[in-house]
Amino acid sequence: MRAGDVIALTEVYDTYAPFLFDYCHGLLRDRVEAAGALRNTLIMAREHVDRLGEPERLRGWLYALARKECMRRRESPNRHTGQEAPEAGDDELDEEQHARREERRALAFSALAALSGRQREAIDLAARHELDAVDLAGLFGIPPEEAARLLDETEEDLANALNAALIAQNHWEDCPSVPALTESWPLTTQAARSLTRHVASCAICGSRDTPPLPADRLLAVLPIAAIPGDLRLDVLTAATAADRADNRHAIAAYAEPFTMRGWPEPYESGSPRSRERAAPKKRKGGLLVAVGGAAAAIALAAVGMTVIGGSGDESSAVVAPESPTAAGDPSGSGTQGPPPVSDSPSASPSASKSPSKSPSPSRTPTTRRPTTQPPRSDHDDPPRPPRPQHPGTLQINGCDMDRDDACTITLTAVGGPVSWRVTGASDGLWARGSGRLGQGQSTGVRVSRDGGCWLVNQEGSVSFSPGGAASVEYC
(Lines give C-alpha, C1' and ligand atoms only; values in the text may rest on other atoms or scores of the structure.)
Protein backbone atom coordinates (compact mmCIF):
# COMPACT_ATOMS: atom_id res chain seq x y z
CA MET A 1 0.00 0.00 0.00
CA ARG A 2 2.86 2.37 0.79
CA ALA A 3 4.16 1.84 -2.73
CA GLY A 4 0.73 2.64 -4.18
CA ASP A 5 0.22 -0.93 -5.39
CA VAL A 6 -3.41 -1.47 -6.40
CA ILE A 7 -3.06 -5.21 -5.84
CA ALA A 8 -2.19 -4.52 -2.20
CA LEU A 9 -5.37 -2.49 -1.74
CA THR A 10 -7.34 -5.32 -3.33
CA GLU A 11 -5.85 -7.79 -0.85
CA VAL A 12 -6.66 -5.48 2.06
CA TYR A 13 -10.26 -5.24 0.86
CA ASP A 14 -10.64 -9.01 0.46
CA THR A 15 -9.12 -9.68 3.88
CA TYR A 16 -10.80 -7.04 6.05
CA ALA A 17 -13.76 -5.46 4.23
CA PRO A 18 -16.51 -7.97 5.20
CA PHE A 19 -15.74 -7.52 8.89
CA LEU A 20 -15.18 -3.77 8.72
CA PHE A 21 -18.54 -3.46 6.96
CA ASP A 22 -20.24 -5.42 9.74
CA TYR A 23 -18.60 -3.18 12.37
CA CYS A 24 -19.62 0.00 10.52
CA HIS A 25 -23.16 -1.32 10.11
CA GLY A 26 -23.32 -2.03 13.83
CA LEU A 27 -22.49 1.60 14.55
CA LEU A 28 -24.62 3.16 11.80
CA ARG A 29 -27.55 0.74 11.36
CA ASP A 30 -27.84 1.53 7.64
CA ARG A 31 -26.29 -0.37 4.73
CA VAL A 32 -25.79 2.70 2.52
CA GLU A 33 -24.01 4.57 5.30
CA ALA A 34 -21.95 1.51 6.25
CA ALA A 35 -20.86 1.10 2.62
CA GLY A 36 -19.87 4.78 2.46
CA ALA A 37 -17.97 4.52 5.74
CA LEU A 38 -16.10 1.42 4.55
CA ARG A 39 -15.18 3.07 1.27
CA ASN A 40 -13.90 6.18 3.05
CA THR A 41 -12.01 4.05 5.58
CA LEU A 42 -10.02 2.28 2.87
CA ILE A 43 -9.36 5.54 1.05
CA MET A 44 -8.10 7.05 4.33
CA ALA A 45 -5.94 4.00 4.90
CA ARG A 46 -4.34 4.24 1.48
CA GLU A 47 -3.72 7.97 1.78
CA HIS A 48 -2.31 7.78 5.34
CA VAL A 49 -0.59 4.36 5.32
CA ASP A 50 2.85 6.00 5.76
CA ARG A 51 1.77 7.12 9.24
CA LEU A 52 1.40 3.54 10.50
CA GLY A 53 4.74 2.60 12.02
CA GLU A 54 3.57 -0.83 13.19
CA PRO A 55 2.56 -2.90 10.15
CA GLU A 56 1.46 -5.77 12.42
CA ARG A 57 -1.22 -3.41 13.78
CA LEU A 58 -2.88 -2.84 10.40
CA ARG A 59 -6.12 -4.55 11.47
CA GLY A 60 -6.60 -2.43 14.61
CA TRP A 61 -5.55 0.72 12.74
CA LEU A 62 -8.20 0.10 10.07
CA TYR A 63 -10.85 -0.31 12.78
CA ALA A 64 -9.74 2.97 14.39
CA LEU A 65 -10.17 4.75 11.05
CA ALA A 66 -13.56 3.09 10.55
CA ARG A 67 -14.78 4.10 14.01
CA LYS A 68 -13.75 7.72 13.52
CA GLU A 69 -15.54 7.85 10.18
CA CYS A 70 -18.69 6.26 11.64
CA MET A 71 -18.75 8.69 14.57
CA ARG A 72 -18.47 11.59 12.13
CA ARG A 73 -21.33 10.25 10.05
CA ARG A 74 -23.55 9.66 13.07
CA GLU A 75 -23.39 13.36 13.84
CA SER A 76 -24.52 14.43 10.37
CA PRO A 77 -28.11 15.73 10.11
CA ASN A 78 -28.19 14.59 6.45
CA ARG A 79 -27.24 10.98 6.79
CA HIS A 80 -29.11 8.13 5.14
CA THR A 81 -31.37 6.11 7.44
CA GLY A 82 -33.70 3.14 7.51
CA GLN A 83 -32.07 0.52 5.27
CA GLU A 84 -30.45 -2.18 7.33
CA ALA A 85 -28.35 -4.80 5.58
CA PRO A 86 -29.54 -8.40 5.40
CA GLU A 87 -27.84 -10.97 7.57
CA ALA A 88 -25.00 -12.96 6.08
CA GLY A 89 -25.88 -16.63 5.76
CA ASP A 90 -29.40 -16.16 7.11
CA ASP A 91 -30.98 -18.04 4.18
CA GLU A 92 -28.80 -21.09 4.80
CA LEU A 93 -30.64 -22.18 7.96
CA ASP A 94 -33.66 -24.44 8.08
CA GLU A 95 -36.54 -23.69 10.43
CA GLU A 96 -35.20 -25.78 13.31
CA GLN A 97 -31.70 -24.31 13.04
CA HIS A 98 -33.15 -20.81 12.89
CA ALA A 99 -35.22 -21.38 16.04
CA ARG A 100 -32.25 -22.84 17.89
CA ARG A 101 -30.07 -19.89 16.87
CA GLU A 102 -32.72 -17.40 17.98
CA GLU A 103 -32.86 -19.08 21.39
CA ARG A 104 -29.08 -18.84 21.77
CA ARG A 105 -29.14 -15.27 20.50
CA ALA A 106 -31.76 -14.27 23.08
CA LEU A 107 -29.46 -15.62 25.78
CA ALA A 108 -26.53 -13.61 24.39
CA PHE A 109 -28.65 -10.46 24.19
CA SER A 110 -29.76 -10.93 27.78
CA ALA A 111 -26.19 -11.27 29.02
CA LEU A 112 -24.84 -8.36 26.96
CA ALA A 113 -27.68 -6.11 28.09
CA ALA A 114 -26.10 -5.90 31.55
CA LEU A 115 -22.89 -4.34 30.17
CA SER A 116 -22.16 -0.69 29.52
CA GLY A 117 -21.97 0.54 25.94
CA ARG A 118 -18.17 0.80 26.01
CA GLN A 119 -17.95 -2.73 27.41
CA ARG A 120 -20.20 -4.17 24.69
CA GLU A 121 -18.15 -2.61 21.95
CA ALA A 122 -14.87 -3.68 23.55
CA ILE A 123 -15.89 -7.32 23.99
CA ASP A 124 -17.32 -7.48 20.47
CA LEU A 125 -14.12 -6.08 18.97
CA ALA A 126 -12.03 -8.49 21.02
CA ALA A 127 -14.12 -11.65 20.60
CA ARG A 128 -15.45 -11.34 17.07
CA HIS A 129 -13.02 -8.95 15.37
CA GLU A 130 -9.84 -10.26 17.04
CA LEU A 131 -8.53 -6.95 18.37
CA ASP A 132 -6.35 -6.98 21.48
CA ALA A 133 -5.88 -4.46 24.27
CA VAL A 134 -3.20 -2.53 22.35
CA ASP A 135 -5.56 -2.19 19.37
CA LEU A 136 -8.41 -1.04 21.62
CA ALA A 137 -6.11 1.52 23.23
CA GLY A 138 -5.48 3.09 19.83
CA LEU A 139 -9.13 2.84 18.81
CA PHE A 140 -10.56 4.41 22.00
CA GLY A 141 -7.64 6.80 22.57
CA ILE A 142 -6.80 5.40 26.02
CA PRO A 143 -3.59 3.98 27.56
CA PRO A 144 -2.94 0.27 26.88
CA GLU A 145 -3.16 -0.52 30.62
CA GLU A 146 -6.63 1.03 30.76
CA ALA A 147 -7.70 -0.95 27.68
CA ALA A 148 -6.42 -4.20 29.24
CA ARG A 149 -8.29 -3.39 32.45
CA LEU A 150 -11.44 -2.64 30.43
CA LEU A 151 -11.25 -6.06 28.77
CA ASP A 152 -10.61 -7.90 32.04
CA GLU A 153 -13.50 -6.18 33.81
CA THR A 154 -15.79 -6.70 30.83
CA GLU A 155 -15.07 -10.43 30.66
CA GLU A 156 -15.79 -10.74 34.39
CA ASP A 157 -19.01 -8.70 34.15
CA LEU A 158 -20.14 -10.68 31.11
CA ALA A 159 -19.54 -14.00 32.90
CA ASN A 160 -21.65 -12.80 35.84
CA ALA A 161 -24.40 -11.53 33.53
CA LEU A 162 -24.42 -14.80 31.58
CA ASN A 163 -24.70 -16.77 34.81
CA ALA A 164 -27.71 -14.65 35.81
CA ALA A 165 -29.31 -15.04 32.37
CA LEU A 166 -28.88 -18.83 32.50
CA ILE A 167 -30.50 -18.92 35.94
CA ALA A 168 -33.42 -16.89 34.56
CA GLN A 169 -33.69 -19.29 31.64
CA ASN A 170 -33.30 -22.62 33.44
CA HIS A 171 -33.81 -22.14 37.18
CA TRP A 172 -36.37 -19.37 37.38
CA GLU A 173 -38.78 -21.50 39.43
CA ASP A 174 -36.26 -22.00 42.23
CA CYS A 175 -36.28 -18.40 43.46
CA PRO A 176 -39.47 -16.30 43.72
CA SER A 177 -37.55 -13.10 42.96
CA VAL A 178 -36.33 -14.22 39.53
CA PRO A 179 -39.71 -14.25 37.70
CA ALA A 180 -40.46 -10.77 39.05
CA LEU A 181 -37.17 -9.48 37.63
CA THR A 182 -37.52 -11.15 34.22
CA GLU A 183 -40.92 -10.31 32.80
CA SER A 184 -39.60 -10.09 29.24
CA TRP A 185 -37.11 -12.15 27.26
CA PRO A 186 -34.55 -11.23 26.06
CA LEU A 187 -33.86 -9.16 29.17
CA THR A 188 -33.88 -5.39 29.03
CA THR A 189 -30.87 -3.45 30.29
CA GLN A 190 -32.57 -2.61 33.59
CA ALA A 191 -33.77 -6.19 34.11
CA ALA A 192 -30.38 -7.69 33.22
CA ARG A 193 -28.55 -5.47 35.67
CA SER A 194 -31.10 -5.95 38.44
CA LEU A 195 -31.02 -9.71 37.95
CA THR A 196 -27.20 -9.82 38.00
CA ARG A 197 -27.13 -7.89 41.28
CA HIS A 198 -29.80 -10.18 42.73
CA VAL A 199 -27.99 -13.39 41.78
CA ALA A 200 -24.76 -12.09 43.33
CA SER A 201 -26.47 -11.68 46.71
CA CYS A 202 -29.02 -14.53 46.67
CA ALA A 203 -28.17 -17.79 48.43
CA ILE A 204 -30.66 -19.78 46.34
CA CYS A 205 -29.48 -18.47 42.97
CA GLY A 206 -25.87 -18.55 44.06
CA SER A 207 -26.09 -22.30 44.67
CA ARG A 208 -27.16 -23.04 41.10
CA ASP A 209 -24.48 -24.28 38.70
CA THR A 210 -24.44 -22.87 35.18
CA PRO A 211 -22.03 -23.89 32.41
CA PRO A 212 -19.25 -21.40 31.63
CA LEU A 213 -19.20 -20.10 28.07
CA PRO A 214 -16.27 -18.17 26.52
CA ALA A 215 -17.14 -14.75 25.11
CA ASP A 216 -16.21 -15.73 21.55
CA ARG A 217 -18.68 -18.66 21.63
CA LEU A 218 -21.43 -16.58 23.25
CA LEU A 219 -21.06 -13.81 20.68
CA ALA A 220 -20.70 -16.19 17.74
CA VAL A 221 -24.49 -16.27 17.32
CA LEU A 222 -24.82 -12.50 16.94
CA PRO A 223 -25.98 -11.17 13.57
CA ILE A 224 -23.43 -10.30 10.88
CA ALA A 225 -24.34 -7.77 8.19
CA ALA A 226 -23.80 -9.07 4.64
CA ILE A 227 -21.48 -6.81 2.65
CA PRO A 228 -22.92 -5.71 -0.74
CA GLY A 229 -21.45 -7.86 -3.48
CA ASP A 230 -20.74 -4.98 -5.85
CA LEU A 231 -19.16 -2.68 -3.27
CA ARG A 232 -15.66 -3.96 -4.06
CA LEU A 233 -15.50 -2.39 -7.50
CA ASP A 234 -16.87 0.92 -6.21
CA VAL A 235 -14.27 1.10 -3.43
CA LEU A 236 -11.33 0.20 -5.65
CA THR A 237 -12.41 2.69 -8.29
CA ALA A 238 -12.92 5.50 -5.78
CA ALA A 239 -9.50 4.77 -4.25
CA THR A 240 -7.52 4.69 -7.49
CA ALA A 241 -9.26 6.63 -10.29
CA ALA A 242 -7.16 9.59 -11.44
CA ASP A 243 -10.18 11.90 -11.82
CA ARG A 244 -11.19 11.38 -8.15
CA ALA A 245 -7.96 12.55 -6.54
CA ASP A 246 -9.56 15.70 -5.09
CA ASN A 247 -12.27 13.63 -3.43
CA ARG A 248 -9.67 11.29 -1.96
CA HIS A 249 -7.74 14.22 -0.47
CA ALA A 250 -10.95 15.57 1.08
CA ILE A 251 -11.87 12.17 2.51
CA ALA A 252 -8.35 11.65 3.84
CA ALA A 253 -8.64 14.92 5.78
CA TYR A 254 -11.49 13.45 7.84
CA ALA A 255 -9.02 11.03 9.45
CA GLU A 256 -6.89 13.83 10.90
CA PRO A 257 -5.44 14.55 13.38
CA PHE A 258 -3.21 11.58 14.17
CA THR A 259 -1.39 10.70 17.37
CA MET A 260 2.38 10.49 17.69
CA ARG A 261 1.97 6.75 17.32
CA GLY A 262 0.33 7.23 13.91
CA TRP A 263 -3.23 6.31 14.93
CA PRO A 264 -6.22 8.57 14.22
CA GLU A 265 -7.32 10.46 17.30
CA PRO A 266 -10.90 9.53 18.34
CA TYR A 267 -13.60 11.66 16.78
CA GLU A 268 -14.65 14.68 18.83
CA SER A 269 -18.29 15.67 18.66
CA GLY A 270 -18.77 19.23 17.41
CA SER A 271 -15.25 19.47 16.00
CA PRO A 272 -14.61 22.05 13.25
CA ARG A 273 -14.54 19.34 10.63
CA SER A 274 -17.92 18.01 11.72
CA ARG A 275 -19.37 21.50 11.61
CA GLU A 276 -18.28 21.75 7.97
CA ARG A 277 -20.91 19.14 7.23
CA ALA A 278 -23.80 20.85 9.03
CA ALA A 279 -25.77 21.45 5.86
CA PRO A 280 -28.41 23.25 4.46
CA LYS A 281 -27.67 26.92 4.73
CA LYS A 282 -29.92 29.79 3.74
CA ARG A 283 -29.40 33.52 3.42
CA LYS A 284 -31.17 35.74 5.91
CA GLY A 285 -30.64 39.48 6.25
CA GLY A 286 -27.41 39.29 4.27
CA LEU A 287 -25.98 36.62 6.62
CA LEU A 288 -25.55 32.90 6.10
CA VAL A 289 -27.46 31.03 8.79
CA ALA A 290 -26.95 27.31 9.40
CA VAL A 291 -30.24 25.49 9.53
CA GLY A 292 -30.71 22.60 11.91
CA GLY A 293 -27.22 22.10 13.31
CA ALA A 294 -25.94 18.73 14.43
CA ALA A 295 -28.65 16.16 14.91
CA ALA A 296 -28.44 13.65 17.75
CA ALA A 297 -26.72 10.49 16.61
CA ILE A 298 -28.56 7.23 17.03
CA ALA A 299 -26.88 4.78 19.36
CA LEU A 300 -26.66 1.07 18.81
CA ALA A 301 -29.28 -1.38 19.78
CA ALA A 302 -28.94 -4.30 22.01
CA VAL A 303 -26.92 -6.28 19.82
CA GLY A 304 -29.71 -7.16 17.03
CA MET A 305 -27.72 -6.51 13.86
CA THR A 306 -24.38 -6.35 17.06
CA VAL A 307 -23.91 -6.03 19.83
CA ILE A 308 -21.89 -5.04 18.71
CA GLY A 309 -25.34 -4.82 18.51
CA GLY A 310 -25.68 -3.60 22.76
CA SER A 311 -28.11 -2.16 25.11
CA GLY A 312 -27.58 1.50 24.88
CA ASP A 313 -28.04 3.09 28.21
CA GLU A 314 -24.92 5.13 27.74
CA SER A 315 -23.00 6.03 24.66
CA SER A 316 -19.55 5.28 25.87
CA ALA A 317 -19.15 2.38 23.66
CA VAL A 318 -23.05 -4.30 19.88
CA VAL A 319 -22.72 -6.73 19.58
CA ALA A 320 -24.56 -4.35 20.51
CA PRO A 321 -26.68 -3.88 19.51
CA GLU A 322 -30.95 -0.18 14.76
CA SER A 323 -30.15 2.98 13.00
CA PRO A 324 -28.21 4.69 10.28
CA THR A 325 -26.06 7.34 8.48
CA ALA A 326 -25.28 9.30 5.31
CA ALA A 327 -23.33 12.41 5.81
CA GLY A 328 -24.00 15.46 3.71
CA ASP A 329 -21.28 17.12 1.73
CA PRO A 330 -19.09 19.83 3.22
CA SER A 331 -20.71 23.01 2.12
CA GLY A 332 -18.67 25.71 0.64
CA SER A 333 -19.81 29.19 1.55
CA GLY A 334 -17.28 30.74 3.79
CA THR A 335 -15.78 27.47 5.03
CA GLN A 336 -12.10 26.61 4.98
CA GLY A 337 -12.68 22.85 4.74
CA PRO A 338 -12.00 20.39 1.96
CA PRO A 339 -14.06 20.42 -1.24
CA PRO A 340 -17.39 18.58 -1.40
CA VAL A 341 -17.23 14.80 -1.25
CA SER A 342 -19.89 12.37 -2.35
CA ASP A 343 -20.80 10.10 0.56
CA SER A 344 -23.20 7.79 -1.23
CA PRO A 345 -21.36 4.81 -2.72
CA SER A 346 -22.42 3.83 -6.16
CA ALA A 347 -22.55 0.21 -5.15
CA SER A 348 -26.01 -1.19 -4.70
CA PRO A 349 -26.80 -2.68 -1.30
CA SER A 350 -27.36 -6.22 -2.46
CA ALA A 351 -26.06 -8.84 -0.07
CA SER A 352 -23.00 -10.91 -0.83
CA LYS A 353 -23.73 -14.59 -0.32
CA SER A 354 -20.10 -15.47 0.34
CA PRO A 355 -18.07 -12.92 2.29
CA SER A 356 -14.42 -12.76 1.34
CA LYS A 357 -11.99 -14.90 3.26
CA SER A 358 -10.40 -13.38 6.30
CA PRO A 359 -7.89 -14.33 8.94
CA SER A 360 -10.73 -14.08 11.47
CA PRO A 361 -12.04 -17.65 11.44
CA SER A 362 -14.01 -17.07 14.61
CA ARG A 363 -16.35 -14.73 12.75
CA THR A 364 -18.14 -17.12 10.47
CA PRO A 365 -20.97 -15.24 8.77
CA THR A 366 -24.21 -16.19 10.41
CA THR A 367 -26.64 -13.58 11.62
CA ARG A 368 -27.83 -10.17 13.19
CA ARG A 369 -30.76 -7.36 15.04
CA PRO A 370 -30.90 -3.77 16.99
CA THR A 371 -32.63 -0.75 18.57
CA THR A 372 -31.38 2.77 18.86
CA GLN A 373 -30.98 5.76 21.10
CA PRO A 374 -29.00 8.98 21.01
CA PRO A 375 -25.40 8.86 22.13
CA ARG A 376 -24.23 11.04 24.97
CA SER A 377 -20.54 11.00 24.34
CA ASP A 378 -17.80 10.37 21.86
CA HIS A 379 -17.95 6.64 22.56
CA ASP A 380 -20.98 4.83 21.26
CA ASP A 381 -23.01 1.87 22.33
CA PRO A 382 -23.02 -1.22 20.19
CA PRO A 383 -26.25 -3.01 19.21
CA ARG A 384 -28.55 -4.51 21.86
CA PRO A 385 -31.42 -6.97 22.18
CA PRO A 386 -34.22 -6.31 19.73
CA ARG A 387 -37.70 -5.40 20.79
CA PRO A 388 -40.43 -6.06 18.23
CA GLN A 389 -42.26 -2.85 17.33
CA HIS A 390 -45.40 -4.68 16.16
CA PRO A 391 -45.61 -7.86 18.26
CA GLY A 392 -48.13 -10.48 17.34
CA THR A 393 -49.93 -13.03 19.48
CA LEU A 394 -48.97 -16.60 20.27
CA GLN A 395 -51.30 -19.33 19.04
CA ILE A 396 -50.78 -22.43 21.21
CA ASN A 397 -51.92 -25.95 20.32
CA GLY A 398 -51.68 -28.61 23.03
CA CYS A 399 -50.80 -32.27 22.57
CA ASP A 400 -51.67 -35.77 23.75
CA MET A 401 -48.94 -38.18 24.88
CA ASP A 402 -51.34 -41.08 25.25
CA ARG A 403 -49.06 -43.62 27.01
CA ASP A 404 -45.82 -42.24 25.54
CA ASP A 405 -43.32 -40.29 27.59
CA ALA A 406 -43.54 -37.02 25.64
CA CYS A 407 -45.38 -35.04 22.99
CA THR A 408 -44.90 -31.75 21.16
CA ILE A 409 -46.80 -28.51 21.69
CA THR A 410 -47.08 -26.30 18.59
CA LEU A 411 -46.59 -22.53 18.78
CA THR A 412 -47.46 -20.16 15.92
CA ALA A 413 -46.96 -16.39 15.65
CA VAL A 414 -50.14 -14.66 14.50
CA GLY A 415 -50.38 -11.01 13.47
CA GLY A 416 -46.67 -10.26 13.83
CA PRO A 417 -43.42 -11.49 15.36
CA VAL A 418 -43.48 -12.98 18.87
CA SER A 419 -40.71 -13.55 21.41
CA TRP A 420 -41.82 -16.47 23.57
CA ARG A 421 -40.67 -18.56 26.50
CA VAL A 422 -41.96 -21.41 28.65
CA THR A 423 -42.95 -20.02 32.05
CA GLY A 424 -44.16 -23.11 33.89
CA ALA A 425 -45.70 -26.56 33.82
CA SER A 426 -48.19 -28.37 36.06
CA ASP A 427 -47.13 -31.14 38.44
CA GLY A 428 -45.89 -34.21 36.65
CA LEU A 429 -44.95 -32.37 33.44
CA TRP A 430 -41.65 -30.85 32.36
CA ALA A 431 -40.91 -28.42 29.50
CA ARG A 432 -38.60 -25.54 28.76
CA GLY A 433 -37.54 -23.32 25.87
CA SER A 434 -37.66 -19.84 24.40
CA GLY A 435 -37.21 -18.15 21.05
CA ARG A 436 -38.59 -15.74 18.50
CA LEU A 437 -41.04 -16.45 15.71
CA GLY A 438 -41.67 -14.33 12.65
CA GLN A 439 -45.21 -13.69 11.43
CA GLY A 440 -46.77 -17.04 10.50
CA GLN A 441 -43.82 -19.11 11.70
CA SER A 442 -44.33 -22.15 13.92
CA THR A 443 -42.16 -24.17 16.23
CA GLY A 444 -42.54 -27.12 18.57
CA VAL A 445 -41.92 -27.41 22.31
CA ARG A 446 -41.35 -30.88 23.68
CA VAL A 447 -43.15 -31.67 26.94
CA SER A 448 -42.46 -34.82 28.91
CA ARG A 449 -43.91 -36.46 32.02
CA ASP A 450 -42.07 -37.62 35.11
CA GLY A 451 -43.66 -40.90 36.14
CA GLY A 452 -45.55 -43.92 34.86
CA CYS A 453 -49.23 -44.19 34.00
CA TRP A 454 -50.79 -45.13 37.34
CA LEU A 455 -54.01 -43.32 36.50
CA VAL A 456 -55.81 -42.89 33.17
CA ASN A 457 -56.92 -39.77 31.32
CA GLN A 458 -54.56 -37.40 33.06
CA GLU A 459 -54.43 -33.77 32.00
CA GLY A 460 -51.99 -30.97 32.75
CA SER A 461 -50.78 -27.75 31.17
CA VAL A 462 -47.68 -25.84 30.11
CA SER A 463 -47.81 -22.03 30.33
CA PHE A 464 -46.09 -19.59 28.02
CA SER A 465 -45.16 -15.92 27.81
CA PRO A 466 -46.73 -13.93 26.24
CA GLY A 467 -49.85 -15.24 27.97
CA GLY A 468 -51.33 -18.56 27.17
CA ALA A 469 -51.25 -22.22 28.13
CA ALA A 470 -51.28 -25.55 26.31
CA SER A 471 -53.39 -28.46 27.45
CA VAL A 472 -51.44 -31.71 27.69
CA GLU A 473 -53.18 -35.10 28.00
CA TYR A 474 -51.40 -38.29 28.95
CA CYS A 475 -52.08 -41.89 29.96
Side-chain angles (χ1 to χ4, degrees), residues 1-5 8-9 12-13 15-17 19-20 23-24 27-28 36-76 118 121-122 125 129-148 150 235 238-240 244-277 297 316-317 325 327 330 335-339 341 343 375 377-380:
M1 286 183 69
R2 286 173 176 160
D5 189 343
L9 183 63
V12 168
Y13 183 96
T15 302
Y16 299 110
F19 309 103
L20 285 168
Y23 176 63
C24 292
L27 292 172
L28 298 172
L38 173 61
R39 181 204 59 194
N40 285 6
T41 295
L42 294 182
I43 289 174
M44 292 171 182
R46 191 166 190 250
E47 297 293 316
H48 291 293
V49 68
D50 287 337
R51 295 178 182 267
L52 179 62
E54 308 162 282
E56 70 277 9
R57 293 289 171 187
L58 176 61
R59 176 194 294 273
W61 188 72
L62 289 171
Y63 275 85
L65 288 170
R67 190 177 197 278
K68 188 168 188 176
E69 173 65 7
C70 289
M71 295 304 101
R72 181 185 70 82
R73 285 171 172 261
R74 283 171 59 143
E75 196 168 84
S76 170
R118 166 74 65 95
E121 184 173 9
L125 287 168
H129 297 268
E130 300 185 347
L131 270 59
D132 61 19
V134 177
D135 293 325
L136 294 182
L139 186 140
F140 290 133
I142 58 179
E145 314 79 56
E146 184 178 338
L150 170 64
V235 169
T240 59
R244 299 173 78 168
D246 288 343
N247 272 12
R248 287 195 293 273
H249 294 154
I251 291 169
Y254 289 130
E256 299 172 348
F258 284 74
T259 66
M260 293 289 291
R261 185 184 164 204
W263 286 58
E265 293 185 359
Y267 180 77
E268 292 185 11
S269 178
S271 64
R273 192 163 299 285
S274 73
R275 288 194 293 270
E276 289 166 9
R277 300 187 70 80
S316 63
T325 114
T335 65
Q336 301 284 324
V341 181
D343 277 343
S377 87
D378 162 39
H379 302 290
D380 309 281

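Quick caveat, the model's predicted, so the values are computed rather than measured.
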* At their closest point, which heavy atom of T41 faces which heavy atom of A66, and how far apart are they? -> OG1-CA, 3.3 Å

* 4.5 Å side-chain heavy-atom contact, D135 and L125 -> no

* Asked: To the nearest 0.5 Å, how far apart are CH2 in W61 and CZ in R51?
  -> 9.0 Å

* Minimum heavy-atom distance P264-L65, with the two atoms named -> CG-CD2, 3.7 Å

* R59 and D132: CA distance, side-chain angles, deciding distance, salt bridge (charged side-chain N to carboxylate O under 4.0 Å, His left out) verdict -> CA-CA 10 Å; R59 176 194 294 273; D132 61 19; over 6 Å; no

* Euclidean distance, W263 CH2 relative to K68 NZ, rounded to 0.5 Å -> 13.0 Å

* Asked: So how far is it from M44 CE to R248 CZ, rounded to the nearest 0.5 Å?
  -> 14.0 Å

* Structure fact -> Closest non-hydrogen contact found for A133 with P144 is CB-O, 4.4 Å

* **Between OG1 on residue T15 and CG on residue L20, distance to nearest 0.5 Å** => 10.5 Å

* **Closest approach of L52 to L58 (non-hydrogen atoms, all atoms of both residues)** => CD2-CA, 3.9 Å

* Structure fact -> Tightest non-hydrogen contact, residues R67 and L139, listed as CD-CD2, 3.2 Å

* Asked: What are the two closest non-hydrogen atoms of E47 and A252, and how far apart are they?
  -> CB-CB, 3.7 Å

* **Any F19 side-chain heavy atom under 4.5 Å of E130 side chain** => no

* Ignoring hydrogens and angles, tell me if any N or O in the side chain of R46 forms a donor-acceptor pair with the backbone of G4 under 3.5 Å. => yes

* Rounded to the nearest 0.5 Å, how far does CD of E69 lie from CD1 of I251? -> 8.0 Å

* For side chain to side chain contact (heavy atoms under 4.5 Å, CB included), just list the numbers for Y13 and V235, CA-CA rounded to whole Å, side-chain angles, deciding distance to a tenth of an Å, and then say yes or no. => CA-CA 9 Å; Y13 183 96; V235 169; 4.0 Å; yes

* To do: Check whether any side-chain heavy atom of R118 lies under 4.5 Å from a side-chain heavy atom of F140, and answer yes or no.
  => yes

* Asked: Can a donor-acceptor pair be found between the side chains of Y23 and H129 at a distance below 3.5 Å?
  -> no

* **4.5 Å side-chain heavy-atom contact, R72 and N40** => yes

* Gap between atom CG of L38 and atom CD1 of I43 - 0.5 Å precision -> 10.0 Å

